[in-house]
Protein chains: 2
Amino acid sequence: MPELPAPASRRERLRTQTLQELKAASLAEVRERGAVGLSLRSVARRLGMSPAGLYRYVDSREQLLTLLIADGYHDLADHLLVALGTRPTERTAGQAAEPEVPLIAGPDRDVAERIRAVALAYRAWSVAHPNLFGLLFGDPIPGYHAPPGGPTVEAMNRFGRALAQPLIEAWEQGRLRSHPALDAEELAAPLAPMGPAAGELPAAVLARLLLSWGRLHGQVSLEVFGHHHWLMPEGCERLFRADVEVTLRDLGVC
Amino acid sequence: MPELPAPASRRERLRTQTLQELKAASLAEVRERGAVGLSLRSVARRLGMSPAGLYRYVDSREQLLTLLIADGYHDLADHLLVALGTRPTERTAGQAAEPEVPLIAGPDRDVAERIRAVALAYRAWSVAHPNLFGLLFGDPIPGYHAPPGGPTVEAMNRFGRALAQPLIEAWEQGRLRSHPALDAEELAAPLAPMGPAAGELPAAVLARLLLSWGRLHGQVSLEVFGHHHWLMPEGCERLFRADVEVTLRDLGVC
DNA sequence: ATAGCAGAGCGAACGCCGTTCGCAGACGAC
DNA sequence: GTCGTCTGCGAACGGCGTTCGCTCTGCTAT
């Protein structure tokens with residue numbers, strides 16, 4: 001979120017500052033108690049405000065959650081971009097202590113190392129913020145659908161671009177191995193009318209992206225939600241690293 | 001859940017019947033509105049009971065949810081077992097319309113086909129019951145930890161065994177391809193002290209099980225929670241089938 | 001057969017929640 | 001300085017999970 005120059009009247013400055021505090025307090029609640037446990041009254045108590053007062057800044061509890069979702073995607077995207085060597089020190093949004101990025105591989109590094117870096121960063125962020133991971137990727141908010149042009153989809157797109165970046169590079173370098181199951185035309189066909197985010201990505205690359213993302217996401221999801229941890233108390237990270245290596249071989253870059 | 005012979009007094013019969021109705025009504029609520037939307041008062045209204053009356057059968061809303069979780073694992077396990085050709089017609093628990101099992105491969109079929117069958121059944125069940133999938137694999141209930149010997153873990157174990165069954169067969173047939181990233185000793189080491197469910201499974205097989213499950217689970221999770229659907233309106237099933245084929249090749253059975 | 005007791009169910013209440021409404025004060029524009 | 005908009009608040013409504021004490025029913029032991 002680039003800071004707008006906006007000279008902004010005193011009123012407006014106070015307003016945006018209050019809204020930032022509101023989001024920060026809500027974020028803290030979500031981190032501690034999960035998205036389900038977010039209570040407007042409790043947030044109001046933190047801010048020393050009346051519950052009704054919050055409604056000057058937020059339409060409803062649900063809309064507040066979507067604000068946090070957008071921020072969450074931005075935070076995760078920032079994290080991935082750090083792993084890719086972009087955006088070296090900025091890190092404005094996430095004011096709470098951020099997890100270390102386990103591996104940084106800038107644009108000059110081999111593409112396999114860059115994929116590794118983004119995958120490890122994805123897991124590191126998710127494990128460090130399980131409740132935020134749940135907010136982004138867990139049960140969807142019952143009635144909610146993101147408005148097409150809104151800040152939520154923009155944040156999701158930024159995240160998606162960061163995730164796709166090294167795969168696109170691999171494709172540009174001609175290093176994606178062809179695969180009978182992945183290059184079948186019946187797979188590429190439904191991908192042709194792709195969403196607004198995909199841009200000019202060829203279907204075969206998009207297919208590999210979704211597949212690879214899905215794999216890593218599955219491991220992370222099972223770990224964060226406690227399903228791996230229960231069968232395998234230790235070693236989730238090693239299992240994840242093994243999956244990354246297998247995926248790199250499948251892609252052909254390693 | 002085998003039906004106990006239990007001649008049971010009239011009181012007891014009525015009691016268990018009421019409890020079944022209670023669970024059925026709650027299940028319907030969860031199916032419609034999701035686990036977050038489950039309301040004891042609403043369930044009581046469905047049953048024509050007072051809200052307080054429910055507490056004769058259930059300790060709390062949370063405990064009711066865990067009952068549904070256990071039932072959900074059993075239902076999913078049943079579904080997988082049907083795909084494996086076991087348990088041909090019984091299907092007692094799930095009284096609501098169950099999804100068709102897309103592929104049935106009995107014990108006489110090739111192990112690759114059996115893995116395919118269980119994977120497709122996993123997805124079919126999840127897509128057919130998104131809110132139940134969320135109940136089992138979405139955000140965990142904030143404060144809850146399954147009691148070690150309880151019915152929940154028993155149900156999870158039954159599900160895990162069904163999932164592992166064809167992989168074990170592949171291993172017994174010596175058809176699991178060795179893989180540098182998966183047979184590394186540092187991966188097997190943390191798996192050695194495995195949970196109560198794993199039994200005598202060798203670590204390398206357990207590692208492949210968790211890896212393969214994680215992959216498929218990731219695709220299903222992203223699809224059910226709407227993340228794939230948004231980038232790729234159609235073709236989730238084809239993408240999933242492609243992932244299954246890639247996984248089969250990785251395992252070496254195909 | 002009957003006395004007594006455990007089980008089942010209910011109404012009322014408590015404290016929490018999200019949300020709305022009307023009112024009061026503060027700020028900014030003219 | 002005046003007026004309108006913005007900000008905040010107290011009170012209230014309906015819904016929620018949960019508890020308590022009461023009644024009534026059915027079972028069981030004598």
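Worth saying up front: this structure is predicted, and the values here are computed from it rather than measured. Proteins get letters first, then strands, A, B, ... in listed order; numbering begins at 1 in each.
Rounded to an integer number of Å, the gap from CZ of B/Arg15 to P of C/dA6 is 15 Å. Across the protein-nucleic acid pair, B/Leu54 atom CG and C/dG11 atom P stand 13 Å apart, rounded to whole Å. D/dG8 atom C1' lies 15 Å from atom CG of A/Leu19, rounded to whole Å. For the pair A/Arg13 CZ and C/dA26 P, the interatomic distance rounds to 19 Å; values are reported in whole Å. Spacing between atom CG of A/Leu14 and atom C1' of C/dG28 amounts to 13 Å, rounded to whole angstrom units. C/dC27 atom C1' lies 16 Å from atom CD of A/Gln17, rounded to whole Å. Atoms OH (B/Tyr55) and C1' (D/dG21) sit 17 Å apart, rounded to a whole Å. Taking atom CE on A/Met49 and atom C1' on D/dC9, their separation rounds to 9 Å, with Å as the unit.
Residues B/His217 and A/Phe225 keep their aromatic ring centres 6.0 Å or farther apart. A distance of 6.0 Å or more separates the ring centres of A/His228 and A/Phe240.
Salt bridge annotation for B/Asp71-B/Lys23: present, with a cationic side-chain nitrogen under 4.0 angstrom from a carboxylate oxygen. A salt bridge is defined here as a Lys NZ or Arg NE, NH1 or NH2 lying under 4.0 Å from an Asp or Glu carboxylate O, and A/Glu237 with A/Arg241 meets this definition.
If A/Tyr57 and B/Arg61 are placed on DNA chain D by their nearest nucleotide, the residue sitting closer to the 5' end is A/Tyr57. The nearest heavy atom of DNA chain C to B/Pro51 and to A/Leu40 marks one nucleotide each, and the one closer to the 5' end goes with B/Pro51.
Between the side chain of B/Arg56 and the base of C/dG7, no donor-acceptor pair of N or O atoms lies under 3.5 Å. Put simply, the side chain of A/Arg41 and the base of C/dG18 share a donor and an acceptor less than 3.5 Å apart.
Looking at the side chain of A/Ser50, the nearest of the listed nucleotides D/dG8, D/dC9, D/dG17 is D/dC9.
Using a 4.0 Å heavy-atom distance criterion, B/Thr18 is classed as making no nucleic acid contact.
Between A/Ser39 and C/dG18 there is a side-chain polar atom (N or O) within less than 4.0 angstrom of OP1 or OP2. For C/dG18, the OP1/OP2 oxygens have no side-chain nitrogen or oxygen of A/Ser60 closer than 4.0 Å.
How far CG of B/Leu163 is from CE of B/Met156: 11.5 Å, rounded to the nearest 0.5 Å.
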